[in-house]
Amino acid sequence: MAYEVSIFTPRTMGKLISRMPPVRTFFRDTFFRNVETFPTKSVDVDFKKGTRKLAPFVHPRMPGKTVANTGYQTKTYTPPQLAPDTITTVDDLLERMAGENPYSGKTPAQRAVEKLARDFSKLDEMITRREEWMCAQALYTGVIPIIGDGLNENIDFSFTNTETITTATKKWSNDASDPIADLKRWRKTVQKNGFVNCNICIMADDVAEAFTRHAKVQKLLDTEKYDIAVIKPRELMDGTTYIGTINGLGLDIYTYTEWFLDDWTAPAAPEEKPLVPDGTVLLASTAAAYSRYYGAVTLGDKKTDNFTTTEGVRVPKSWMEYNPDRRFLQLFSRPLMVPHEVDSWFVAKVL
């Protein structure tokens with residue numbers, strides 16, 4: 001029903017506050033910091049594994065002994081394509097935008113610029129969330145499932161440093177268990193097979209609760225002569241909480257609270273799931289080699305009536321369709337999260 005608004009009557013409009021979920025990238029920015037783009041569709045990834053072979057003893061009058069080169073394995077992956085898009089219609093430009101003052105006097109051209117910026121931001125955030133999800137899948141399972149329209153495959157990194165505690169008395173919720181001994185054992189496994197020292201431990205919320213309340217952990221904290229462990233929780237940025245440090249292991253403990261919307265397992269009933277699986281512990285090293293690789297994006301170019309291949313982290317495209325008139329904005333990316341040293345972290349199910 002149409003009605004008139006009197007400009008003489010005081011009118012207060014509450015600004016629309018868009019409470020969009022923040023884009024959190026703890027896994028991506030902590031571990032997968034090396035970023036490389038490629039001009040090709042597929043990417044060759046080198047996986048290296050060192051040895052502890054000793055230098056050979058040689059008699060002073062004998063020639064030196066040739067040492068075989070340390071090998072590596074190369075696998076070829078095709079980074080999956082992400083291509084969310086959004087539409088701008090005539091009504092979007094002629095009508096007041098969300099949060100816009102009804103008397104702002106903005107022109108459709110000005111609204112078009114603002115909507116373009118908002119749409120770019122929205123699409124980029126969606127891609128960033130997918131990248132963070134890919135990082136979490138690579139770390140916690142060693143497999144990145146690629147499920148979408150016409151796609152159902154896995155990118156498998158052959159990760160084997162996992163353990164599931166099944167004995168009730170050894171689960172961390174039981175005081176007969178020994179969480180500190182477990183952490184030492186898993187850290188030593190990574191030192192032996194992965195050649196790095198784990199300096200970060202990420203616990204699920206339920207695990208952190210069981211860990212800080214555990215009798216053996218409390219006893220360790222009560223040690224007066226040595227500062228073996230410190231538990232001083234504090235909130236940090238990016239959805240993380242610092243729990244404390246086990247100085248004897250050089251291990252900082254965090255929780256990471258973030259979710260993703262799983263709309264592919266059961267499309268009729270999408271479900272929000274935690275990025276950090278319940279009951280899990282992740283030990284990792286910021287010194288290990290992890291990368292974010294981006295494959296090239298090939299798109300049709302209307303100006304040249306040909307295809308153009310672009311190398312980059314994000315590749316935008318915009319075009320018009322008519323009757324009805326609509327402008328499409330699409331953002332492309334072909335990310336691949338690569339943990340080069342697959343023995344450099346450990347994942348355990350402790351609850």
Taking every heavy atom of T286 against every heavy atom of I200, the minimum-distance pair comes out as CG2-CD1, 3.5 Å
Notebook entry, point to check: Taking the side chain from S177 and the backbone from P179, do they hold a donor-acceptor pair closer than 3.5 Å?
Noted result: no
- request: Dump the intermediate steps for side-chain contact (heavy atoms from CB on, under 4.5 Å) on L351 and V207, then the final yes or no.
  value: CA-CA 7 Å; L351 292 180; V207 173; 3.9 Å; yes
Using modelled atom types only, decide if a donor and an acceptor are shared between the side chain of H214 and the backbone of E209 within a distance under 3.5 Å. no
Notebook entry, point to check: Are the side chains of L331 and D85 in touch, meaning some heavy atoms are under 4.5 Å apart?
Noted result: no
- request: Determine whether the side chains of T76 and S42 contain a donor N or O and an acceptor N or O closer than 3.5 Å.
  value: no
Are any non-hydrogen side-chain atoms of P145 and W264 less than 4.5 angstrom apart? no
Run V190 and N161 through side-chain contact (heavy atoms from CB on, under 4.5 Å) and show every step you take.
CA-CA 8 Å; V190 174; N161 271 357; 4.2 Å; yes
One pair to check against side-chain contact (heavy atoms from CB on, under 4.5 Å): L299 and F307. What are the steps and the verdict? CA-CA 6 Å; L299 302 172; F307 291 100; over 6 Å; no
Grouping I, L, V, M, F, W and Y whenever their side-chain heavy atoms are under 4.5 Å apart, do Y294 and W133 come out in a common cluster? no
Original post:
Just by distance, do the side chain of S285 and the backbone of A287 share a donor-acceptor pair under 3.5 Å?
Top reply: yes
Exercise. Does any N or O in the side chain of S318 come within less than 3.5 Å of the main-chain N or O of F328, such that one atom is a donor and the other an acceptor?
Worked result: yes
Suppose we call two aromatic rings close when their centres sit under 6.0 Å apart. Are H340 and Y293 close by that rule?
yes
Is the backbone of D278 close enough, under 3.5 Å, to the side chain of K349 for a donor and an acceptor to pair up by distance? yes
Nearest heavy-atom contact between D175 and K216 is O-NZ, 3.2 Å
Residue set satisfying salt bridge (Lys or Arg N to Asp or Glu O under 4.0 Å) with E153, at least two apart, ordered chain then number -> none
Report, as yes or no, whether the 6.0 Å neighbourhood of atom NZ on K41 holds more than 12 heavy atoms from other residues, nucleotides or ligands. no
Return yes when atom NZ of K184 has more than 12 non-hydrogen atoms of other residues, nucleotides or ligands closer than 6.0 Å, and no otherwise.
no
Is the backbone N or O of Y290 less than 3.5 Å from a side-chain atom of R33, with the two atoms forming a donor-acceptor pair by type?
-> no
Sequence neighbours excluded, the answer for salt bridge (Lys or Arg N to Asp or Glu O under 4.0 Å) partners of K75 is none
Whether K188 engages the ring of W186 as a cation-pi pair (distance to the six-membered ring centre under 6.0 angstrom, angle to the ring normal within 45°) should be assessed.
no
- prompt: Does some side-chain heavy atom of D124 sit less than 4.5 Å from a side-chain heavy atom of T128?
  reply: yes
T280 side chain vs V276 backbone, donor-acceptor pair below 3.5 Å: no
task = May I ask you to decide if N306's main-chain N or O and D301's side chain share a donor-acceptor pair within less than 3.5 Å?
result = no
Looking only at heavy atoms, the pair that brings I165 and K171 closest together is O-CE, 3.3 Å
Discussion item. Between E132 (side chain only) and F27 (backbone N and O only), is there a donor and an acceptor less than 3.5 Å apart?
Written reply: yes
* Between T74 and D44, do the side chains contain an N or O donor and an N or O acceptor separated by less than 3.5 Å? -> no
Quiz prompt | Heavy-atom side-chain contact between M134 and P335 under 4.5 Å | solution = yes
Check ion pair R314-E131 (N to O, under 4.0 angstrom): yes
(message) Is it the case that over 12 heavy atoms from other parts of the model lie below 6.0 angstrom from the CZ atom of R213?
(response) no
Connected to L261, directly or through other members, by ILVMFWY side-chain contacts below 4.5 Å are none
For W259, does its backbone N or O pair with a side-chain atom of E272 as donor and acceptor, under 3.5 Å?
no
* Asked: With the 4.5 Å side-chain cut-off for hydrophobic clustering, are L336 and V297 part of the same group?
  -> no
Assess the residue pair T265 and E271 against the criterion (side-chain contact (heavy atoms from CB on, under 4.5 Å)); give the C-alpha distance rounded to whole Å, side-chain angles, the decisive distance to 0.1 Å, and a yes or no. CA-CA 9 Å; T265 301; E271 180 183 357; over 6 Å; no
- Task: Could you tell me whether R327 and E321 have a side-chain N and a carboxylate O separated by less than 4.0 Å?
- Result: no
